[in-house]
Amino acid sequence: MRKRQLTIKDIATALHISISTVSRALSDSHDISAETKKIVSDYANAHNYKPNQLALSLRTSNTRTIGVILPQIVHYFFSTVLSGIEDEAERGGYKVLFSQSDENYEHEVKGAKALLEARVCGVLSSMSKTTQKYNHFQELVDEGIPLVFFDRICPRLLTDRVVVDDYEGVKSAVNYLIHTGCRRIAFLSSPLHLSISSNRRMGYEDALRQNGIEVDPELVHICDNYEDTRMVIPPLLSMSNRPDAIFAVNDETAIGAMTIVKEYGIKIPEEISICGFTNNNMGTISNPTLTSVDQHGFQMGVEATRILIDRIENRLPSDEIMSRIIRTSLVVRKSTR
C-alpha cells in the first residue's frame with residue numbers, strides 16, 4: 001500500500017503550531033523567526049515532506065478578490081458598510097465577493113467555507129447574532145487568509161478589527177436625554193454575548209450613574225427588532241411609573257417603539273422621548289423624525305478594507321494587531337425634547 005504523503009497540516013499538528021505558521025515558514029516568510037523556520041524545516045526534511053505543487057500554486061496565487069460576510073445586506077448600516085468596502089476595494093484593484101449569514105450561524109459557516117474554496121485573498125466579517133462558536137473563522141486564520149472583523153467582532157481571535165465607539169455613542173445619547181429632563185430611560189438591547197451589546201449597555205449604565213440615577217433592571221430588555229417591540233413595549237407603557245424615554249439599540253427597534261407609543265396615545269417627545277442607534281434614512285421620514293446615533297458605516301467599510309488590503313500586501317507588521325475605532329455623532333431630531 002502506498003504510504004500517505006505528509007501534509008502541512010500533519011507538520012502543524014506534530015509541532016503544535018498553526019497551519020499558516022508552517023506554510024509561511026516553509027516559504028521563508030520574513031515574518032517568521034529563524035528559530036521557527038529551522039524547527040519546521042528540520043521536521044519536514046526528517047519526514048521527507050514534499051510540497052503539493054498544485055495546492056501551493058492555488059495558495060500563493062493572488063485572485064485579487066476580497067470576501068465579505070455580512071449579517072444582512074438589506075440592513076441600512078451593513079449596506080452602507082458594504083458601499084465603503086466596495087469603494088475602497090475598487091480603489092485598490094480588488095473585487096468583492098460577499099455572503100449573507102442572515103443572522104444564522106450555520107449560514108455563516110457555509111459562507112466562510114465558500115469564500116475559502118473561492119481562494120479569496122482576505123476576508124472582512126461581522127458576526128451573526130447567533131454565532132457563539134468560531135471554528136470557521138479560525139480555519140480561515142489557519143489557512144493564512146487575512147481576516148478583519150468590523151462592528152461585531154470575535155474577541156477570542158487575535159485579528160485586525162474596526163469597531164464603532166459603542167460605549168461613548170450610547171453614553172452621549174443617554175446624557176443628552178437626561179439633560180433634556182428624562183429620568184426613567186428604558187434601554188432596548190441586542191443579545192449580550194455580542195461585544196457591541198455589552199459596550200452599549202455599559203455606556204447606558206455609566207451615564208445614569210454619573211447623573212445620580214439608579215439603574216432599574218425593569219427598564220432593560222433584550223429587544224433589537226421591530227417585531228419584538230410588540231412584546232416588550234406594551235408592558236413598559238403599562239408600568240405605574242412608566243419610562244419617560246426609550247433608547248433603542250438600532251433605529252428599526254426605535255421606530256417600532258415609536259409606532260406602539262403612538263398607538264397608546266402617548267405624545268412624542270412631550271411624554272416620552274425616543275432615540276435610536278444607526279441614523280437610518282427611515283429616521284428622516286418617520287413622524288416625528290428620529291433622534292439617532294450615527295455609526296458612520298461607510299467610513300467603517302473604508303477603514304476595514306484599507307487594513308485588509310495592507311495586510312494582504314504585507315504592508316503591516318505581522319506581530320501587531322490593527323484596531324480602529326470609528327467615533328459616533330448624535331443627530332438630534334424631533335423625537336426627543
Side-chain angles (χ1 to χ4, degrees), residues 1-69 92-97 99 105-106 108-125 127 131 133-149 153-161 307-322:
M1 182 182 292
R2 183 179 177 183
K3 187 177 180 181
R4 188 176 71 87
Q5 186 172 325
L6 189 74
T7 66
I8 287 178
K9 186 175 181 180
D10 294 330
I11 299 173
T13 301
L15 298 178
H16 304 291
I17 56 180
S18 71
I19 295 171
S20 61
T21 298
V22 174
S23 178
R24 296 201 301 274
L26 291 173
S27 60
D28 198 27
S29 175
H30 69 276
D31 61 354
I32 301 296
S33 69
E35 180 184 3
T36 300
K37 288 178 184 177
K38 186 176 187 310
I39 292 172
V40 172
S41 178
D42 287 350
Y43 187 92
N45 291 334
H47 293 80
N48 198 29
Y49 168 73
K50 296 288 189 298
N52 183 324
Q53 294 302 323
L54 175 60
L56 182 62
S57 66
L58 291 176
R59 191 180 297 115
T60 57
S61 63
N62 190 341
T63 61
R64 299 200 72 79
T65 301
I66 290 171
V68 182
I69 305 174
Y94 285 80
K95 303 183 295 293
V96 175
L97 182 63
S99 171
Y105 166 74
E106 286 78 14
E108 186 177 87
V109 171
K110 290 178 182 177
K113 290 186 180 300
L115 293 178
L116 183 61
E117 291 170 1
R119 297 185 287 117
V120 295
C121 300
V123 172
L124 297 163
S125 182
M127 292 196 316
T131 297
K133 294 187 292 184
Y134 315 107
N135 293 348
H136 52 304
F137 290 126
Q138 185 65 59
E139 184 178 0
L140 292 171
V141 174
D142 288 344
E143 288 293 329
I145 297 176
L147 173 63
V148 178
F149 282 105
I153 66 171
C154 176
R156 296 186 186 180
L157 295 181
L158 293 177
T159 63
D160 300 322
R161 70 271 313 269
I307 290 173
L308 183 62
I309 292 175
D310 284 345
R311 185 65 72 189
I312 291 168
E313 299 182 356
N314 295 314
R315 291 195 289 262
L316 298 174
S318 61
D319 59 347
E320 185 177 345
I321 299 299
M322 296 294 110

Item checked: R311 (side chain) donor-acceptor with P317 (main chain) under 3.5 angstrom -> yes
Next item on the list: For R156, look at atom CZ and say whether over 12 heavy atoms of other residues, nucleotides or ligands are found less than 6.0 Å away.
Entry: no
Check: Is there a side chain to side chain contact (heavy atoms under 4.5 Å, CB included) between V22 and Y43 once you walk through the steps?
Finding: CA-CA 11 Å; V22 174; Y43 187 92; over 6 Å; no
Note to self: Quick check: closest heavy atoms across P146 and C121, and the distance to 0.1 Å?
What the structure shows: CD-O, 3.1 Å
Note to self: How long is the straight-line distance from CZ of F137 back to CG of L147, given to the nearest 0.5 Å?
What the structure shows: 6.5 Å
Next item on the list: Could you tell me which non-hydrogen atom of R64 sits nearest to which non-hydrogen atom of G93, and how far apart they are?
Entry: NE-O, 3.0 Å
Check: Side-chain contact, heavy-atom cut-off 4.5 Å: I312 with Y94?
Finding: yes
Next item on the list: Supply the atom-to-atom distance L124 CG to I66 CD1, rounded to the nearest 0.5 angstrom.
Entry: 6.0 Å
Margin query: Quick one: does any side-chain atom of K113 pair with a main-chain N or O of H136 as donor and acceptor, under 3.5 Å?
Written below: no
Notebook entry, point to check: At their closest point, which heavy atom of D142 faces which heavy atom of S18, and how far apart are they?
Noted result: OD1-CB, 3.8 Å
Check: side chain to side chain contact (heavy atoms under 4.5 Å, CB included) between R315 and I309: does it pass, once the steps are laid out?
Finding: CA-CA 9 Å; R315 291 195 289 262; I309 292 175; 3.7 Å; yes
Check: Does the pair E117/K110 count as a salt bridge with the N-to-O cut at 4.0 Å?
Finding: no
Item checked: For T63 against R119, the heavy-atom pair lying closest together -> OG1-O, 2.9 Å
Checklist line | Value rounded to 0.5 Å, distance of CD in Q138 from OG1 in T159 | finding: 10.0 Å
Margin query: What's the separation between atom CG in D160 and atom CG in L316, rounded to the nearest 0.5 Å?
Written below: 6.5 Å
Item checked: Euclidean distance, T21 OG1 relative to I39 CD1, rounded to 0.5 Å -> 11.5 Å
Checklist line | Nearest heavy atoms of G122 and I145, plus distance in Å | finding: CA-CG2, 3.7 Å
Checklist line | Min side-chain heavy-atom separation T7-K9 under 4.5 Å | finding: yes
Check: Side chains of D10 and T13: donor-acceptor distance under 3.5 Å anywhere?
Finding: no
Note to self: I'd like to know whether N48 forms a side chain to side chain contact (heavy atoms under 4.5 Å, CB included) with L6, so could you lay out the CA-CA distance, the side-chain angles of the two residues, the decisive distance to 0.1 Å, and finally the verdict.
What the structure shows: CA-CA 8 Å; N48 198 29; L6 189 74; over 6 Å; no
Margin query: Please evaluate residues I17 and V40 with respect to the criterion side chain to side chain contact (heavy atoms under 4.5 Å, CB included), reporting the C-alpha separation (whole Å), side-chain torsions for both, the decisive distance (0.1 Å), and the verdict.
Written below: CA-CA 10 Å; I17 56 180; V40 172; 3.8 Å; yes
Note to self: For the CD1 atom of I307 and the CZ atom of R161, what is their distance to the nearest 0.5 Å?
What the structure shows: 10.5 Å
Checklist line | Partner set under salt bridge (charged side-chain N to carboxylate O under 4.0 Å, His left out) for E106, not counting sequence neighbours | finding: none
